[in-house]
Amino acid sequence: MALIVQKYGGSSVGDADKIKHVARRIIDCQAEGNQVCVVVSAMGDTTDELLDLANQVAVNPEGRELDMLLTAGERISMALLAMAINELGAKSLSFTGSQAGIMTDEVHGNARIAEVNPDRVAEALDAGNIAIVAGFQGFNRDSRDITTLGRGGSDTTAVALASALKADLCEIYSDVDGVYTADPRVVPTAKKLEAIDVESMLELAAAGAKILHIRAVEFARRHNVELRVRSTFSNDPGTIVLADENGVKQMEESIVSGIATDKTQAKITVIGIPDVPGKAAAVFTTVAEAGANIDMIVQNTPTGSDVTDRVSDITFTLPKGELKKVLDALAQNRDVLGYRELESDDQIGKLSVVGAGMRTHSGVSAILFRALAEASINVEMISTSEIRISVITGLDQVDDAARAVHKAFDLDGDSVATIYAGTGR
Ligand code: ASP
Ligand code: MG
C-alpha cells in the first residue's frame, strides 16, 4: 500500500461543487489501494478577502490576530471536505495544523516549520480514514499561539507532512496541468513541462512563479520528497520535480526551462554615495534593520573628478509593501550615510529566464537581450546566477517582455494552455 499526500489549492475547493469533485478524486485514490492524507487551502480567494476585512478594521493589525483570522479559511475548507467525503461513504477526519502536529517558530505571518509530529494523522490513516489537514498553519509551543507559514504556505505543509509520514509521493493539485514554461495567464502559448529539475524549480519559484511555494521546494529538496504538480480538473500526469538534472535532460532538451514574471517588487536608488569603504555596508545595514528583504543590487561605477569626492549610486529591489519603511529608515540615516538623494519606483516588473542548461550553453544572454530590444523593451537592471538571468523593466512592459522572450527561446507550444479555474489573484 502506498501513502500519498495530496494538496488542493484554493481554486480547487472554490465552491461546494468543486469540493464534491475533489472528494470523489480523493476517494478514487484511496480505492486504488492507497492511504491518502490531504492538505487543503482556503476556498477560492478567502484569504485575500479576510485580509481585506482586517485592513478595513485596522491600519496595522497585530500578527497574532491576523493569523487567528487567516487560519479560519483553511478550517472551513477542511471541515467541508471531510463532510463531503463522509457523505460519499468513505471515512474522513479533519485536523487543524496544530492537531496534525505542525510545530513552528513564533514568527506570525511567516513562520518556519520546526518539527512535525503527525501521530494523530498516522493513527487516522491506519484506521482507514482519509486524513484532511488544514494547510498554511502551525502552532508555536512557547507562545502557545497559532501561526501561519506565509502566503501560499499550504504547499509547504503538504511537503512537510509527506516527509514526516514518509509518504511515497506528494501531489500538489492546482488549476493548471503542471509547471509551465511561463505563467499561462501571461503567456497563453506556454507549454507544460513533463519534468523539471529541483534547482530550476527553486529559481522559478524565487523569481515569482506562483505554481509552487519556494519553501515547499526547498523542503522537498532537503528531505528528498518526490513532488508532482497536477491539475484537479484533468487526468494529466502533470509535472514531476526531479532531484537530478540529467533525468530531466532525457525528457526535455531545451536550455531554458521557463520564464517567470514578478510584479510585486519596487526599487530604490541611493544617489551620490561617497566612494569609500563601508558605505554599502552602512546602507544595507540600515535596510536590514528596517526588516526588508532585498533582491537585486546594482552599484554604478563611481564618477567624480578626483579620488576624494568620487560618488556612486546603489540601486536595489525589494517587495512593494516594504518600500515605505525602508525609505523612512534611509532618510533618517541620511547624515551618517552621506548620500545626496533618494529615488524610488514601484512601477517595475521583473522577468527571469531560468534553466539548468544555461550552465553549459553560451549565448543565452544574447538571445534574451535581442528579444527585448526587438520588442522595444527598456532594461533597467540585470542580475544573474548560474542558471538564471533576471531583468527589471517597466511594470506595463513586463508581460510583453515575457511573451517576446518566451518566443525567442522557442518555448511557444502549438496550442493555448488550459486554465481550469481560479482568478489568478
Ligand atoms: N490560503 C493561503 C493563501 O492563500 C495559503 C495557501 O493557499 O497555500 O496564501
Ligand atoms: Mg491560496
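Both ligands and their constituent atoms are indexed starting at 1 by order of listing.
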Residue-ligand contact [X]/ligand 1, heavy atom below 4.0 Å:
X	value
G10	no
E74	yes
G73	no

Residue pair E322 / K324, side-chain heavy-atom distance below 4.5 Å: no
From Y339 atom OH to D313 atom CG, the distance as rounded to the nearest 0.5 Å: 13.0 Å
Between OG on residue S390 and CD1 on residue I259, distance to nearest 0.5 Å: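 Here the interatomic distance stands at 11.5 Å.
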Ignoring angles and geometry beyond distance, decide whether [X] reaches within less than 3.5 Å of ligand 1 through its nitrogen or oxygen atoms.
X	value
S154	yes
G150	no
S41	yes

R151: numbered ligand 1 atoms lying under 4.0 Å from its heavy atoms: 3 (C), 4 (O), 9 (O)
Worked verdict on R185 versus D175 for salt bridge (Lys or Arg N to Asp or Glu O under 4.0 Å): CA-CA 11 Å; R185 290 186 172 85; D175 49 16; 3.3 Å; yes
Between F284 and F316, ring centroids under 6.0 Å: yes
